[in-house]
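Heads up, the thing below is written out as structure tokens.
FYI, side chains are in, hydrogens and waters are out, and symmetry mates aren't considered; it's all heavy atoms of this structure. Naming: A, B, ... by sequence-line order, numbering from 1 per chain.
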Number of protein chains: 2
Amino acid sequence: MSDTARGTSRRYGTRPTMKDVAARAGVGLKTVSRVVNGEPGVTPDTERRVQEAITALGFRRNDSARILRKGRTASIGLVLEDLADPFYGPLNRAVEEVARSHGALLINGSSAEDPAREQELVLALCARRVDGLVIIPAADDHRYLAPEIAAGIATVFVDRPAGRIDADVVLSDSFGGAQDAVAHLIAHGHRRIGFIGDQPRIHTAHERLRGYRTAMAAAGLPVDESWVSLGPTAPERVRSAATAMLAGPQPVTALFAGNNRVTVTAVRVLAGHPRPVALVGFDDFELADLVNPAITVVAQDAARLGRTAAKLLFRRLDGADDAPRRMEIPTRLIPRGSGEIPPAES
Amino acid sequence: MSDTARGTSRRYGTRPTMKDVAARAGVGLKTVSRVVNGEPGVTPDTERRVQEAITALGFRRNDSARILRKGRTASIGLVLEDLADPFYGPLNRAVEEVARSHGALLINGSSAEDPAREQELVLALCARRVDGLVIIPAADDHRYLAPEIAAGIATVFVDRPAGRIDADVVLSDSFGGAQDAVAHLIAHGHRRIGFIGDQPRIHTAHERLRGYRTAMAAAGLPVDESWVSLGPTAPERVRSAATAMLAGPQPVTALFAGNNRVTVTAVRVLAGHPRPVALVGFDDFELADLVNPAITVVAQDAARLGRTAAKLLFRRLDGADDAPRRMEIPTRLIPRGSGEIPPAES
DNA sequence: CTGAAAGCGCTTACAG
DNA sequence: CTGAAAGCGCTTACAG
């Protein structure tokens, strides 16, 4: 490789090292290290000479080398489903803030809800020797992580529990939140309530369905299986599920949407529906109060979910080695209008 | 440090190394390296013995050591304003996808719109020797980066140009998009149009204001300075700015909102306003078509912004060393209703 | 207060 | 096909 035409070499290794600084300042390597790291025991005059050499050469400590020697990388990994999903934004930010307060950097990645991709990403992070991992799992078998955890990589799962290993997990109260949502609709007079949720292999979808059934049963209401639809949250699938529930002689008079993607499509379907239909969605979203009627939701505290998980992670890194914990973050029902619509006369 | 009660040591350095694998397999270090990296020239039998040792010991290559020796870290940094802002989600994801396709990991951080924090974060990433940086700048002076760029850290700015250094940048066409928005309102009969934007030191805010003024001038319309308000996008500030413009004997009949945070607050203000007021917002958002009236916007392609920047970054890493480029991504006006409301009679 | 030597866990360059 | 030696750029442990 040769230097470029513009004179700025892209070659790595072209940078000055502590050795170069030491030579220029006429001191030993260890003295440079002391100055760079602000360690005591350096004469003001020596320090000044070293600082001058650092500035003159444009030296910046290579943390890759430091990391290798020190053991800790001061970085953590966050694996979530999709960096573009607004639900994960506040969670991502909260994890970042906690990492930052501990002097750690955040390496980020999307699993795209693909177990193989999750594993590939997680193991790449382990190879980088991140100190810890926060994982929103896509896979349902995490035995591949057991050796890494045993080797010291702290791991906290968020939003869904780990599969087939015992690990820390921070969850929203999906079961309780779903119960609240459905009980709310029942309290407003509904007896035929539809549930459209995510794929049943996803823990939260399963829990929300369980909350739905429990609330219906608690009110002595039967559940017609045509009122329940679990599957991918792609708009076409949700649209046809909703349309089917709203058709026929005994249509549902209310819908409970299992997450924000479902809610959005449900709003679109209901906007074109002749009769008013009540709607409660799981997950809040920014403009829920601007739509007409405003959307009643079960809000999760995504930032708190992230903050709690990250704090637990750093507690582990500080040596806490009690048994894996399961923490639940409460949800909150926010009535805004759509969930208070009474049943249409049939 | 001692092992924990649960028997899994959190101690680092407890992991097997290639040396351990070599010893167990009864081969040399280099042979292990060959097997781990899939290099040719190893007898099937030798390879099998090494693989067995790897499995038995739970060996995983330490990429920190590899990085130190190889020079490249196979990681890039992305510094943006706020990981929780939905505008950056698709951009973040797009950068990640490009990084992934090049085998690189993504280190992420928020500047919180604070120049000092941006610099701190960027320099931390440089110390980690990321191969490249994608930066949505908060600072307006990036001379601190010049030595790093000269030392080989490829850098591409996005959304706003670098300050006081010559560097690659990928922008949305804020000027053209703003012109389109205001021309659209003028075409629908408006003559008194308000503009509420972000702080003027932010490049995009400045460009959008310029587009507003140019469109007004092109139509021969005067601009009363009480129709223009730039500042923080906090709801209170935007609310009072909008309220002021809508009051008095000669209120504006239309608003152009400079970004999505402004738009959201504007929608709330207009919902409580007695007369209908037209609105066009810069930036699209998910539920813009669910609000009544649906919101007319100038949409940016955030994913394309991110993809373009990341691709340019990797082209630099592959050795492209032509002069820094400025690339502009077009915007698109999406009429949905709010921007087509005619002026209220005064 | 200062510095030479050894080592973190790999890869590179080379020799057999 | 295989491996011993040197080195990436730091920090650690130690001696002066």
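- Note: CD (E39(A)) to P (dC10(D)) measures 14 Å, nearest angstrom.
- Between P16(B) and F59(B), the shortest heavy-atom distance links the atoms O-CD1, 3.4 Å.
- Between R315(B) and D318(B), none of the side-chain N atoms (NZ, or NE/NH1/NH2) sits under 4.0 Å from a carboxylate O, so this pair counts as no salt bridge.
- In this entry the distance linking NZ of K30(A) with C1' of dA15(D) reads 14 Å, nearest Å.
- Considering E118(B), R117(B), E81(B) in turn, R117(B) is the only one that fulfils the side chain to side chain contact (heavy atoms under 4.5 Å, CB included) rule with S110(B).
- Note on V27(A): only backbone sugar-phosphate atoms sit closer than 4.0 angstrom, heavy atoms only; bases stay farther off.
- Rounded to an integer number of Å, the gap from CG of D20(B) to P of dC8(C) is 10 Å.
- Helical stems in DNA chain C, defined as runs of 3 or more consecutive Watson-Crick or G-U wobble pairs with donor-acceptor distances under 3.5 Å: C:1-3 with D:14-16, C:5-12 with D:5-12, C:14-16 with D:1-3.
- Nearest heavy-atom pair across A53(B) and R24(B) is CB-CG, 3.8 Å.
- Checked against R93(B) for a side chain to side chain contact (heavy atoms under 4.5 Å, CB included), the options N108(A), D85(A), L83(A) give a single hit: L83(A).
- Remark: R100(B) CZ to E120(A) CD distance equals 5.0 Å, nearest 0.5 Å.
- Considering only side-chain N and O atoms, T46(A) lies under 4.0 angstrom from the phosphate OP1 or OP2 of dT2(C).
- A straight line from CD1 of I67(B) to C1' of dG9(C) spans 12 Å, rounded to a whole angstrom.
- Put simply, N62(A) has no side-chain N or O that comes within less than 4.0 Å of OP1 or OP2 on dC8(D).
- Protein atom CZ of R129(A) is 9 Å distant from nucleotide atom P of dG9(C), rounded to whole Å.
- In the interface, the side chain of R34(B) is paired with the base of dG3(D) through a donor and an acceptor atom under 3.5 Å apart.
- Here the CG atom belonging to D140(A) is positioned 9.0 Å from the CZ atom belonging to R164(A), to the nearest 0.5 angstrom.
- When the nucleotides dG3(D), dG9(C), dA4(C) are ranked by their closest atom to the side chain of T31(B), dG3(D) comes out on top.
- Distance from the side chain of A65(B) is smallest for dG9(C) among the nucleotides dG9(C), dT11(C), dT2(C).
- Put simply, NZ on K19(B) is 14 Å from C1' on dA5(D), counting in whole angstrom units.
- Proximity of T43(B) to the phosphate of dT2(D): a side-chain N or O atom is located under 4.0 Å from OP1 or OP2.
- Between dT11(D), dT11(C), dA4(C), one nucleotide has an atom nearer to the side chain of L29(B) than all others, and that is dT11(C).
- When distances are taken from the side chain of L68(A) to each of dG3(D), dT11(D), dG9(C), the shortest belongs to dG9(C).
- Between K70(A) atom NZ and dA6(C) atom P the separation is 22 Å, expressed in whole Å.
- For dG7(C), its base sits under 3.5 Å from the side chain of R69(A) at one donor and acceptor pair at least.
- In this structure, D63(A) reaches neither bases nor backbone, as no heavy-atom distance under 4.0 Å exists between it and the strands shown.
- With rounding to the nearest 0.5 Å, the separation of OG1 in T308(B) from CG in D168(B) is 12.0 Å.
- Atom CE in M18(B) sits roughly 11 Å away from atom P in dT12(C) (whole-Å rounding).
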